[in-house]
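Structure record follows, encoded as structure tokens.
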Protein chains: 2
Amino acid sequence: MVSEILYTKDYINVTREKLINNLKEELKPKRFKHVLRVEETALKLAGQYDYKDIEKVSISALMHDHCKDYSDEKMYQLATMYAPYEPLRVANEAVWHGLAAAELARAKYSVFDDEIVHAIAQHTIGAKEMSLLSKLLFVADYIEPGRNFDGVAEARKLAETDLDAVVFYKMRETIKHLVETNKKVYVESVVIYNHWAKKQEG
Amino acid sequence: MVSEILYTKDYINVTREKLINNLKEELKPKRFKHVLRVEETALKLAGQYDYKDIEKVSISALMHDHCKDYSDEKMYQLATMYAPYEPLRVANEAVWHGLAAAELARAKYSVFDDEIVHAIAQHTIGAKEMSLLSKLLFVADYIEPGRNFDGVAEARKLAETDLDAVVFYKMRETIKHLVETNKKVYVESVVIYNHWAKKQEG
């Protein structure tokens, strides 16, 4: 049971209960529920793909959207503290919020485990090299039971057998969706997509 | 009639007939026919959008794929002469061949009119700022009567009334198609797409 997870390894300076209470205060109710579903889905995937450290899964999943309802200003400030050399102004909050949450994890919650921090930071556009934890979160965020976009069924099916395939699927479909709706595409996400497209070939 | 065009303005150091003969020798028959259809389509669009200098239209259209059947080596060499600071190695011949043809236009055919040269160079991925000539070629290459991809009917319809709309449509659909088929996307093409996406908003 998800509710029985206890944080015992000092990855974070609060209990799971306290973290959840903070989220409840700072997120819109709809997003708060999404976050809980992402945690549950990530834990399920962790079981499937034999990732043992469920504390890391829980912390990164609960933290991933922590800043998403912050003001653009606050989000941008945190994001540039995390990634001072990224040209974030060309992107929008859709890209900033993961970086902001990674910074918040370090600054407010004393999370210094790189695997957790990177998973949080990478959850929106992925990365060229991703840890198993990072992939679990990236995919859980995409296929949690509340999602119902075109293609989610295919993503869920892929997730049953091939985690890398669904990571790539999410990257691909996200760019496709942005282009279809005439939205700007964060250039770094295409650099990352290209890297994975090459991997898929080989 | 297309066949009656005479080059009288010294934009190029050969006659149209000689240019066509060169193309016939250097291109595969299928591509050679495509090039002639692009010229015809570009001239038609020029009439529609009131672009007067048909010599420029003819030269840029006939030149645009001049290098497309060259070896990768030769194409790359020409392309880097045209654009020495572009990280072309991350792209493939699909991006090089326009730059190579622009260089060939200057080096072999003494074409020094920037409008013509840029139109040739930009015909594959477009550019943030494009001249009317550049747009005419970009669109003609996309909708000439030999094309029959999904969406070509919509592109042709857009071309009847809104040239910018079909320029953007081509940029968008090209990225979408690459992503759908798991192919790499030339990053500069996304930078250009983003610029046009912003224009469409405004």
Side-chain angles (χ1 to χ4, degrees), chain A residues 72 85-96 124-129 138 142 149-152 154-155 157-158 162-202, chain B residues 72 85-96 124-129 138 142 149-155 158 162-202:
Chain A
D72 274 7
Y85 304 112
E86 276 293 301
L88 291 173
R89 281 281 178 219
V90 306
N92 55 22
E93 59 79 36
V95 177
W96 300 347
T124 312
I125 61 168
K128 287 184 185 176
E129 303 299 332
F138 189 71
Y142 195 56
F149 53 88
D150 278 355
V152 72
E154 189 174 342
K157 208 178 152 206
L158 281 174
D162 189 341
L163 195 64
D164 278 1
V166 64
V167 167
F168 180 64
Y169 184 83
K170 176 178 171 179
M171 292 174 175
R172 198 184 81 178
E173 292 299 307
T174 303
I175 295 172
K176 201 174 113 187
H177 178 71
L178 290 169
V179 167
E180 271 171 352
T181 52
N182 298 352
K183 293 210 179 93
K184 284 199 268 181
V185 177
Y186 186 49
V187 169
E188 185 62 17
S189 72
V190 176
V191 173
I192 293 166
Y193 160 84
N194 282 345
H195 184 85
W196 279 75
K198 206 174 163 186
K199 271 206 249 181
Q200 298 288 312
E201 270 171 25
Chain B
D72 275 7
Y85 304 111
E86 276 294 300
L88 292 172
R89 280 283 177 218
V90 307
N92 55 23
E93 59 81 34
V95 177
W96 299 347
T124 311
I125 61 169
K128 286 184 186 176
E129 304 299 333
F138 190 70
Y142 195 55
F149 53 87
D150 278 355
V152 72
E154 188 173 343
L158 282 174
D162 190 340
L163 195 63
D164 278 2
V166 63
V167 166
F168 181 64
Y169 184 84
K170 176 179 171 179
M171 290 174 176
R172 197 184 82 178
E173 293 298 308
T174 303
I175 295 172
K176 201 174 114 188
H177 177 71
L178 289 169
V179 168
E180 271 171 351
T181 51
N182 297 352
K183 292 209 180 93
K184 284 199 268 181
V185 178
Y186 186 49
V187 168
E188 183 63 18
S189 73
V190 176
V191 173
I192 293 166
Y193 160 84
N194 282 345
H195 183 86
W196 279 76
K198 207 175 164 186
K199 271 206 251 183
Q200 298 287 313
E201 269 171 26

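- Y186(B) is not listed as a side-chain neighbour of V190(A), based on a closest heavy-atom distance of 4.5 Å or more.
- Separating the CD1 atom in I175(B) from the CG atom in L178(A) is a distance of 10.5 Å, to the nearest 0.5 Å.
- Under a 3.5 Å cut-off, the side chain of Y193(A) and the backbone N or O of V185(B) do not form any donor-acceptor pair.
- Among R172(B), E173(B), M171(B), the one residue that satisfies the side chain to side chain contact (heavy atoms under 4.5 Å, CB included) test with V179(A) is R172(B).
- No more than 12 heavy-atom neighbours from other residues, nucleotides or ligands sit within 6.0 angstrom of NE2 on H177(A).
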